[in-house]
Amino acid sequence: MIVDIEEDPMTAMNIVHVRVKPGSEEQFFAIHRSYGVDRPNGSRNFWVVKTGEHAYCIVGEWDSMEDLVAARPSMIANLDRLRPLLEDLGGGRGVTEPWSGEVVVNLRAEMSSESAL
């Protein structure tokens, strides 16, 4: 059963689409792993999702939009480390296509007491 989690405070998310240069994936992953060791305040979860050949979406979940905004300098510094590994996305987008905002609907499977054990 899928439930809308209304009692949980809504969070914020950032999603960034990138394309990694061939042969640079392992270094790309290593930089993200090192960033994850000392994540900014308010960071809940962090994913790197492979969406195609050399294509990825980086997804961050935050306690609030304010926490996400406060972390932008840290995220930009990390992007500066990644920039040499990334391909231009074309169409004037540069090497990233970033999006962010507040979560307005949060759906997840309801967990039974048996599955929680």
Side-chain angles (χ1 to χ4, degrees):
M1 172 184 209
I2 303 294
V3 294
D4 185 354
I5 309 301
E6 292 180 24
E7 66 275 4
D8 285 355
M10 287 294 140
T11 61
M13 304 286 281
N14 71 298
I15 302 101
V16 181
H17 170 241
V18 299
R19 196 168 37 240
V20 179
K21 291 177 181 175
S24 298
E25 272 100 350
E26 287 309 315
Q27 190 176 0
F28 174 78
F29 301 147
I31 290 171
H32 279 96
R33 286 184 184 106
S34 70
Y35 183 72
V37 169
D38 192 25
R39 292 193 320 225
N41 290 337
S43 174
R44 288 187 176 189
N45 290 294
F46 180 77
W47 300 271
V48 176
V49 180
K50 186 168 186 164
T51 58
E53 189 162 342
H54 307 293
Y56 296 86
C57 281
I58 298 121
V59 181
E61 179 185 24
W62 302 85
D63 287 337
S64 68
M65 197 65 197
E66 292 79 15
D67 288 326
L68 188 157
V69 169
R72 282 187 178 145
S74 171
M75 290 188 286
I76 291 168
N78 196 57
L79 171 61
D80 288 341
R81 294 172 58 207
L82 292 165
R83 203 175 297 280
L85 309 176
L86 304 178
E87 294 181 350
D88 190 290
L89 296 172
R93 294 177 291 176
V95 296
T96 66
E97 186 170 19
W99 298 88
S100 62
E102 293 179 317
V103 174
V104 295
V105 175
N106 179 6
L107 300 176
R108 65 178 174 216
E110 185 175 12
M111 186 179 292
S112 68
S113 58
E114 294 84 27
S115 65
L117 298 176

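Computed over heavy atoms, backbone and side chain alike; hydrogens, waters and symmetry mates excluded.
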- [ ] Kindly check if the number of other-residue, nucleotide or ligand heavy atoms within 6.0 Å of CD (Gln27) is above 12?
- [x] no
- [ ] Count the heavy atoms of every other residue, nucleotide or ligand shown that sit under 6.0 Å from CH2 of Trp47, and state whether that count exceeds 12.
- [x] yes
TODO: Give a yes or no answer on whether the side chain of Arg93 reaches the backbone of Gly90 with a donor-acceptor pair at less than 3.5 Å.
DONE: yes
TODO: Run through Thr11, Asn14, Val69 and flag the one making a side-chain contact (heavy atoms from CB on, under 4.5 Å) with Trp62.
DONE: Asn14
Open item on the list: If hydrophobic clusters are built by linking Ile, Leu, Val, Met, Phe, Trp and Tyr wherever their side-chain heavy atoms come under 4.5 Å apart, do Val18 and Leu85 end up in the same one?
Closed with: yes
TODO: Give a yes or no on this: more than 12 heavy atoms of other residues, nucleotides or ligands lie within 6.0 Å of atom CG of Asn41.
DONE: no
Open item on the list: Any heavy-atom pair between the side chains of Phe29 and Val20 that's under 4.5 Å?
Closed with: no
Open item on the list: Within the 4.5 Å heavy-atom criterion, are Val95 and Leu82 side-chain neighbours or not?
Closed with: no
Open item on the list: If hydrophobic clusters are built by linking Ile, Leu, Val, Met, Phe, Trp and Tyr wherever their side-chain heavy atoms come under 4.5 Å apart, do Val103 and Val49 end up in the same one?
Closed with: yes
Task: Considering all heavy atoms, the nearest Met65-Ser100 contact - done: CE-OG, 3.8 Å
Task: From Arg81 atom CZ to Phe28 atom CZ, the distance as rounded to the nearest 0.5 Å - done: 12.0 Å
TODO: Find the distance between CG (Asn78) and CZ (Arg83) and round it off to the nearest 0.5 Å.
DONE: 11.0 Å
Task: Criterion side-chain contact (heavy atoms from CB on, under 4.5 Å) on Ser24 and His54, from CA distance to verdict - done: CA-CA 9 Å; Ser24 298; His54 307 293; over 6 Å; no
Task: Closest non-hydrogen atom pair, Ala71 against Pro40 - done: CB-CB, 3.7 Å
Task: Atom pair NE2/OG1 of His17 and Thr96 - distance to nearest 0.5 Å - done: 10.5 Å
- [ ] Of all the heavy-atom pairs spanning Glu61 and Asn45, show the shortest one and how long it is.
- [x] OE1-ND2, 2.5 Å
Task: Heavy-atom side-chain proximity of Arg39 to Ser74 below 4.5 angstrom - done: no
Open item on the list: Between Tyr56 and Phe46, is there shared hydrophobic-cluster membership here, with clusters defined by ILVMFWY side-chain heavy atoms closer than 4.5 Å?
Closed with: yes
Task: salt bridge (charged side-chain N to carboxylate O under 4.0 Å, His left out) involving Glu87 - partner list, sequence neighbours excluded - done: Arg19
Open item on the list: Evaluate Met75 against Tyr35 for side-chain contact (heavy atoms from CB on, under 4.5 Å), listing each step before the verdict.
Closed with: CA-CA 9 Å; Met75 290 188 286; Tyr35 183 72; 3.2 Å; yes
